[in-house]
Chemist: 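The following block contains the structure, expressed as structure tokens.
Hydrogens, waters and symmetry mates are skipped; everything else that's a heavy atom, side chains included, is used.
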Amino acid sequence: MATPVKHNTKIDPVHGSAPTPLIAIASVIVSMALIAIGNGLMFAYIPVRLGVEGFDPTWAGLIVTGLSAGGLAGCILTGPLVRRVGHARAFMVLSALIALSNAAIGAGPHPVLWIGARALYGFAICGLFIVAQSWLNDAVANAIRGRVMAFFYVAYVAGLGVGYATLALVDIKTADAPLIGIAFTALSILPVGMTRLAQPPAPQAASVALGRAWRISPVGVAGMLAVGGLSMSISGFAPIHATAKGYSQADVALLLSVMPLGTLILQLPFGWISDRTDRRYVLIGASALAAVAGMFALGFDGGALPALLVIYVLWDGASESIYSLSSAHAADRAGKDDMVALSSSLLFAWSLAGFVVPGIVTALSAAFGTQAFIYVAVVIACAFCLFVLLRVFTTQAATETGSFAPMTAQAPLPVELAYAPDETVGRTKD
């Protein structure tokens with residue numbers, strides 16, 4: 001994979017190159033925010049609709065697993081697509097696949113069809129993130145990249161929240177939700193289709209080297225494995241479990257719509273602290289908070305909705321924070337020549353866990369009930385916390401750290417285009 005070339009269209013106030021119009025950069029961010037609205041609605045709609053129709057919750061779990069499998073394929077196959085048609089056309093192709101997936105959902109509650117449809121969605125959404133983030137990384141200079149990407153993540157998370165909340169407004173027994181999802185996906189194509197943002201050069205093939213990534217940062221790779229399982233467990237199975245417990249459509253919509261607040265609330269203080277100390281200490285705190293919140297989720301399971309809202313906000317926020325903290329921690333230890341392979345490997349680790357863990361949760365749910373995802377999430381958080389503690393006691397901290405950038409596991413790292421820092425800083429490995 002090639003290191004992105006700096007074009008004279010980038011925003012670069014330091015070196016005085018011609019700026020990329022903000023409206024052009026905003027086109028990609030707006031498109032992804034519009035897609036997020038439809039995506040959030042479909043995440044909430046599918047388990048509730050299956051519950052209303054009387055299907056066993058295992059089907060909803062299999063649908064989450066199918067989505068994750070599609071995402072894993074997207075990590076591998078998006079690169080060849082972009083090399084063939086470019087970023088803009090790839091974005092439109094992948095958006096069309098999401099619209100097709102929603103159309104299949106709108107055909108009615110056919111679980112086997114829905115598994116295939118969500119696998120297609122998983123492939124497309126992973127590909128869209130690779131395209132969008134790669135495009136933005138190439139378009140902006142290092143001086144403002146962190147701010148642009150932070151705004152990108154916030155916009156996407158906000159869109160998900162809006163989509164989740166929209167569930168309360170639709171008739172669950174009709175195809176209204178899939179139609180709304182299709183409409184927002186179609187709208188998302190317009191800003192990118194009309195953008196004047198220059199396309200990056202075609203990326204070369206990405207290499208996944210987990211062994212090399214592990215040697216650079218064991219904690220970074222372990223963090224991606226942990227958060228891949230945590231994110232897909234909590235975001236994927238919380239609506240399934242809430243529906244099975246008898247919460248209303250409006251309650252499920254409210255629960256899902258407030259969960260992203262945890263990501264926005266916790267990441268900034270976690271990031272501020274991590275820039276001033278060993279990031280591993282903050283990772284220990286985040287994973288411990290995720291474990292404790294999961295235990296509270298068990299204790300209050302099926303209880304009053306206001307208490308669950310607070311618990312799930314903290315639980316989801318702490319779990320999602322592991323993603324950005326692990327990414328920053330790994331980058332602290334990577335040299336300039338390591339960045340591309342590291343980015344590819346971290347995304348692969350995240351996707352692999354996001355595929356394997358939902359399958360485990362689905363199998364356990366069939367045997368022990370839908371609350372199995374809570375136990376799995378607590379075990380993952382505790383195991384990661386203990387692993388990081390062990391690393392703290394056996395290895396030294398990095399001598400220098402970079403700047404923290406807020407991220408969410410709902411918006412995966414770009415595998416096809418990893419930017420290199422302006423300067424290579426000496427690192428120590430954890």
Side-chain angles (χ1 to χ4, degrees), residues 1 72 75 206-233 267 270-271 273-291 318-357 360 376-405 407 409 412-415 418 420-421 424-430:
M1 190 182 311
L72 189 60
C75 294
S207 60
V208 174
L210 286 178
R212 180 181 174 189
W214 183 268
R215 288 190 295 273
I216 294 171
S217 176
V219 167
V221 175
M224 286 297 169
L225 289 171
V227 77
L230 283 170
S231 179
M232 290 308 300
S233 294
Q267 284 211 41
F270 279 161
I273 296 170
S274 76
D275 280 343
R276 289 157 178 79
T277 186
D278 187 341
R279 293 197 206 275
R280 294 177 298 180
Y281 297 151
V282 188
L283 279 166
I284 290 169
S287 54
L289 178 58
S319 300
E320 293 279 325
S321 296
I322 295 173
Y323 184 80
S324 51
L325 290 166
S326 297
S327 176
H329 176 81
D332 291 339
R333 286 147 179 81
K336 180 178 180 180
D337 295 337
D338 295 321
M339 288 299 295
V340 174
L342 180 64
S343 174
S344 303
S345 300
L346 292 179
L347 178 57
F348 183 81
W350 173 85
S351 303
L352 181 63
F355 167 60
V356 172
V357 173
I360 294 173
V376 171
V378 170
V379 169
I380 292 174
C382 288
F384 179 63
C385 184
L386 291 174
F387 176 76
V388 181
L389 275 170
L390 177 63
R391 298 297 301 178
V392 167
F393 284 119
T394 57
T395 60
Q396 63 179 4
T399 55
E400 294 191 41
T401 59
S403 297
F404 174 87
M407 288 191 269
L413 291 165
V415 67
T424 303
V425 181
R427 320 279 185 177
T428 60
K429 299 179 182 180
D430 70 334

Chemist: Taking atom NE2 of His329 and atom CG of Asp278, what is their separation to the nearest 0.5 Å?
Modeler: 7.0 Å

Chemist: Do side-chain atoms of Thr277 reach the backbone of Ile273 as a donor and acceptor pair under 3.5 angstrom?
Modeler: no

Chemist: What distance separates Ile322 CD1 from Gln267 CD, expressed to the nearest 0.5 Å?
Modeler: 10.5 Å

Chemist: At their closest point, which heavy atom of Phe270 faces which heavy atom of Val282, and how far apart are they?
Modeler: O-CG1, 3.7 Å

Chemist: Do the non-hydrogen side-chain atoms of Ser287 and Leu283 ever get within less than 4.5 Å of each other?
Modeler: no

Chemist: Can you give me the closest heavy-atom contact between Leu325 and Ala286, atom names plus distance?
Modeler: CD1-CB, 4.2 Å

Chemist: To the nearest 0.5 Å, how far apart are OG in Ser351 and CG in Leu225?
Modeler: 10.5 Å

Chemist: Give me the atom names and distance for the closest heavy-atom approach of Thr394 to Leu390.
Modeler: OG1-O, 2.8 Å

Chemist: Can you see which heavy atom on Val376 is nearest to which on Ser233, and at what distance?
Modeler: CG1-OG, 4.4 Å

Chemist: Locate the shortest heavy-atom distance separating Val392 from Tyr281; write the atom from each residue and the value.
Modeler: CG1-CE2, 3.7 Å

Chemist: Ala318: what forms a side chain to side chain contact (heavy atoms under 4.5 Å, CB included) with it, not counting sequence neighbours?
Modeler: Leu266, Leu289, Ala290

Chemist: Does Arg280 reach the side chain of Thr395, with side-chain heavy atoms less than 4.5 Å apart?
Modeler: yes

Chemist: Could you label the plane-to-plane angle of the Phe387 and Trp214 rings as parallel, tilted or perpendicular, counting under 30° as parallel and over 60° as perpendicular?
Modeler: tilted

Chemist: Taking C-beta and beyond as the side chain, do Phe384 and Ser326 meet within less than 4.5 Å on heavy atoms?
Modeler: yes

Chemist: Considering only heavy atoms from C-beta outward, does the side chain of Met224 approach that of Leu346 to under 4.5 Å?
Modeler: yes

